[in-house]
Amino acid sequence: MNRDDRDKKQSEEYKKHPMHNLSDSINRSMVGDLKSLTKGGCLTNIITLVIIIIIIGGGLLILSQCSR
């Protein structure tokens, strides 16, 4: 099943159950959706990876400074 088929199926589900669509939209706006962030092109994936590496590196740096 390719992406277009999944999107079409999801769109049909949202039309059948509009309250589910509202609930899903509210949850995504409050929590965020990592899948949509990584669903983009190559550049989006690279930027996401760099941000994750910076966050992990910063956390390790803070932990190493606290352990001294």
J.: Test of understanding: with side chain to side chain contact (heavy atoms under 4.5 Å, CB included), list the residues that count as partners of I56, not counting sequence neighbours.
T.: I52, L60

J.: Let me confirm one number: the OG-CG distance from S11 to D4, rounded to the nearest 0.5 Å.
T.: 12.0 Å

J.: Which of these passes side-chain contact (heavy atoms from CB on, under 4.5 Å) with V50: I54, T48, I53?
T.: I54

J.: Residues two or more places apart in sequence or in another chain: which of them pass side chain to side chain contact (heavy atoms under 4.5 Å, CB included) with I47?
T.: L43, I51

